[in-house]
Amino acid sequence: MRWSNYFLPTLKENPKDAEVVSHSLMLRSGMIKKAASGIYSILPLGWRSMKKLMNIVREELDRIGAVELIMPAIQPAELWMESGRWFKYGKELLRIKDRHERDFCFGPTHEEVITDILRDYIQSYKDLPVNLYQIQTKFRDEVRPRFGLIRQREFFMKDGYSFHSSEECLDRTYQDYYNAYRKIFERCRLEYTVVEADTGTIGGYQSHEFMVLAETGEDAIFFCPSCSYGANAEKAVSKLKEFIFDEKEKALEKVHTPQVHTVEEVSSFLGVPEEKIIKTMIYETEKAFYAVLIRGDRSINETKLKNFLDVQFLNLASEEKIERVTGGPMGFSGPLGLKGIEIFADHSIKNIKNAVVGANEKDYHYVNVNMGRDFNPSGWGDFQMVQRGDLCVNCNTPLQEYRGIEVGHIFKLGTKYSEPMKCLYIDEKGQKKPVIMGCYGLGIGRTLASAIEQSHDEKGIIWPLPLSPFSFIILSLNPEDKGVRELSDKIYQEMVQKGEEVFYDDREERAGVKFKDAELIGIPYQIIIGSKKAKENKVEIGIRKTGEKITMEVSEYYEKLKNIAL
RNA sequence: CGGGACGUAGCGCAGCCUGGUAGCGUACCUGAAUGGGGUUCAGGUGGUCGCGAGUUCAAAUCUCGCCGUCCCGACCA
């Protein structure tokens, strides 16, 4: 491909609305162009990289026996009503009406459509398993699209779905995808980790996230360096530092605590450590209000709480509602004397003796509160957010915290969709059963952006060879010099004939411009052809990653290049 | 959904406070020189100042509304 014949608008300056490096470099290297917030055109150079990644994905999925198909982006509302997600999915689901005022949505994911396909064709256990995938445009109306291709509203996703007649069979396919994903990310030369994850709106009962490690990552993950336990912040569990309170229970006492609201304030006002304070959080859900107790130095993990309470909506109650429910203002809630509201406690408060709690009354707290004697929660659970330094539940090693970009997510769905949508099969005994499903997502654009986040320098992108839009770039430094032009043309022709993916900068630009652009777009290997060296029948090979330049005879460039590029 | 900021040439910005019909850099076009790291000089093209109302003799500038874009937050009792 000749640059003069290509469409590659590079930018010298940093676009002002690009905040993260992958976004900025993709814009500058002419890979993408924004159409609207979170919505991008993929320009030729970007599309080449994207196709590279898609093909890696295809190869690895084909290898595990998954079969590619393509489903519609526009999906009828009826299917979403059947699964129950038309109402549950929320505002992220882009709903549209056709000319007959019929409801549709632009698919954020395809569980409904694929289940609808399968239920009509699956009859017997003999038809199972089925393992299908597609690479297709998704739309999620994100509240806050950001970071270029990392959080888009319209994006390419590889989504796979598998159907089984037994758990064991699902387990095998799940493992196949797990391994295939590992291979994909390894082939992309990404530094990543796999963590246990919450299943969110997709549902199901087991899931793993593939996280590319990056400081700009939106998700926090915890990882045990010793036993390699890993989980994202929503799912992570840990052992807390235990505090032993071997004191006697003292008499309950109400104390005046004017203007003392937060744990921090209570701690310093009363001179008690935060570990002896029990925080009482009032949550509002679609079912009821709940009081949730947790140790003063810990934070509530709302995802865990949501799962525990089995609710769709969960929000901290507003000031007025707290007053209505507890009788006291915000900042003074406590478990004592609460009426008409269930109290759930996190395990972290179990051993606290002579604790401090709010008195549900302005400017008052109780001290020397003891669980069992003074109050009893109606249930116990793990509601806490893991914090740095907490210990691994398996091996007691302090957990490490990283930031990551979620590039892949696999789920065991079970019968969450097959049951309501009646995707049934007949088993060996002639009984009708819902199909057992798994689903497997991989973000294409996001993976590409992650690769740039992990591999760049101040000059531009440094593509790992498997994702690079081209493997080689010929820099013809003085194309008006006949010798240079002829040699450049010759080398270009040769490489094309050998089937190499080579980009030829034949533009009438100065050398500096070509070097800068080549570095910006990050092609791993440069073939540099200039007047002086060309006269001596020599060329240079430049390596983007190291900046190294190696001079050699024209006759040996190809062999050497192939050796280096291995 | 809340808070903040921005919107002026393809891109990056100034001008706005203190109203008088637009400027810088870069890119682009022409010419010349240069020719291995965004070169230099000369000349030139390009903007209904996001949109709409209002105030005014006069609005990029002041006022109001809308639209768009980006950032931060989503939370600790």
Side-chain angles (χ1 to χ4, degrees), chain A residues 9-20 23-24 27-28 30 33-39 90-91 142-148 151 218 233 257 260-267 274 277-284 291-303 305 314-319 321-323 325-326 328-335 346 356-362 365 383-385 387 459-460 475-481 484 505 507-520 526 528-534 538-540 542 547 549 551:
Chain A
T10 56
L11 299 175
K12 210 191 250 185
E13 281 175 284
N14 238 355
K16 65 171 169 183
D17 43 359
E19 207 57 31
V20 299
H23 187 197
S24 161
L27 287 166
R28 284 187 56 203
K33 166 95 169 84
K34 184 169 73 188
S37 178
I39 301 176
K91 287 191 173 170
E142 298 279 352
V143 222
R144 180 126 121 86
R146 58 180 149 178
F147 302 157
R151 184 164 293 276
E218 294 183 286
T257 52
V260 175
H261 305 85
T262 65
V263 166
E264 219 177 6
E265 288 163 0
V266 172
S267 170
E274 293 190 357
I277 298 167
I278 295 174
K279 274 200 288 200
T280 305
M281 317 283 289
I282 308 300
Y283 277 95
E284 182 180 8
V292 181
L293 311 181
I294 192 162
R295 208 169 75 191
D297 61 326
R298 308 296 302 189
S299 300
I300 291 209
N301 179 330
E302 294 188 354
T303 304
L305 185 59
L314 179 89
N315 261 321
L316 282 169
S318 64
E319 246 172 281
K321 284 174 179 166
I322 289 173
E323 253 193 279
V325 172
T326 68
M330 185 192 278
F332 298 96
S333 301
D346 181 78
V356 178
V357 303
N360 298 318
E361 186 181 334
K362 186 170 162 51
H365 279 79
F383 310 134
Q384 59 179 311
M385 200 66 117
Q387 292 171 11
K459 293 171 180 168
L475 303 185
S476 184
L477 295 188
N478 330 83
E480 69 299 322
D481 175 329
V484 169
D505 190 350
R507 295 175 302 168
E508 294 194 13
E509 289 285 355
R510 296 176 61 86
V513 175
K514 295 193 175 184
F515 280 122
K516 294 284 186 205
D517 271 339
E519 280 153 358
L520 175 63
Q526 305 152 353
I528 304 160
I529 302 166
S531 300
K532 218 164 163 188
K533 296 233 163 69
K538 283 181 174 151
V539 295
E540 266 175 308
K549 291 198 174 111
T551 304

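Each chain gets a letter, A, B and so on, in the order the sequences are listed, and its residues count up from 1. Predicted model only: the values in this text are computed from it and were never measured.
- The one candidate from I282(A), T280(A), L305(A), D346(A) that meets the side chain to side chain contact (heavy atoms under 4.5 Å, CB included) condition with V292(A) is L305(A).
- Taking atom P on both nucleotides, G25(B) is separated from A14(B) by 15 Å, rounded to a whole Å.
- Annotation for E508(A): atom CD does not count as buried by contact number, only 12 or fewer foreign heavy atoms lying within 6.0 Å.
- Between C51(B) and U34(B), the distance separating the two P atoms is 47 Å to the nearest Å.
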(message) At under 4.0 Å between heavy atoms, how does the protein contact nucleotides 70-77 of chain B? Give one character per nucleotide, 5' to 3', with B, S or -.
(response) SBB-BBBB

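- Between C75(B) and C17(B), the distance separating the two P atoms is 39 Å to the nearest Å.
- Using modelled atom types, one side-chain atom of N478(A) and one backbone atom of S531(A) make a donor-acceptor pair closer than 3.5 Å.
- Ranked by how close their nearest RNA chain B nucleotide is to the 5' end, A35(A) and E13(A) are led by E13(A).
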(request) Would you give a per-nucleotide map of nucleotides 33-43 of chain B, 5' to 3', where B means the base has a protein non-hydrogen atom under 4.0 Å away, S means only the sugar-phosphate does, and - means neither? (result) -BBBBBB----

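- Rounded to the nearest 0.5 Å, atoms CD (E323(A)) and NZ (K362(A)) are 9.0 Å apart.
- Atom CD of E218(A) is surrounded by more than 12 heavy atoms from other residues, nucleotides or ligands within 6.0 Å.
- Pairing for C6(B) goes to G68(B), judged as Watson-Crick or G-U wobble with the two contacts each under 3.5 Å.
- Considering only heavy atoms from C-beta on, R298(A) stays 4.5 Å or farther from M385(A) through its side chain.
- In terms of modelled atom types and a separation under 3.5 Å, the side chain of N301(A) and the main chain of A233(A) share a donor-acceptor contact.
- Of the P atoms belonging to C24(B) and G31(B), the separation is 24 Å, rounded to the nearest Å.
- Nucleotide G46(B) forms a pair with no other nucleotide shown, judged by Watson-Crick or G-U wobble geometry with both contacts under 3.5 Å.
- Nucleotide A77(B) is matched to nothing when pairs are restricted to Watson-Crick or G-U wobble geometry with both distances under 3.5 angstrom.
- For the atom pair K34(A) NZ and I39(A) CD1, the distance stands at 10.5 Å (nearest 0.5 Å).
- Here the separation of G43(B) from U48(B), taken at their C1' atoms, is 28 Å to the nearest Å.
- Rounded to whole Å, the P atom of U30(B) lies 36 Å from the corresponding atom of C70(B).
- The same atom, P, is picked in U39(B) and in A27(B); the two are 6 Å apart, to the nearest Å.
- Nucleotides G10(B) and A59(B) place their C1' atoms 27 Å apart, quoted to the nearest Å.
- With contacts defined as side-chain heavy-atom distances shorter than 4.5 Å, the pair F332(A)/E361(A) does not qualify.
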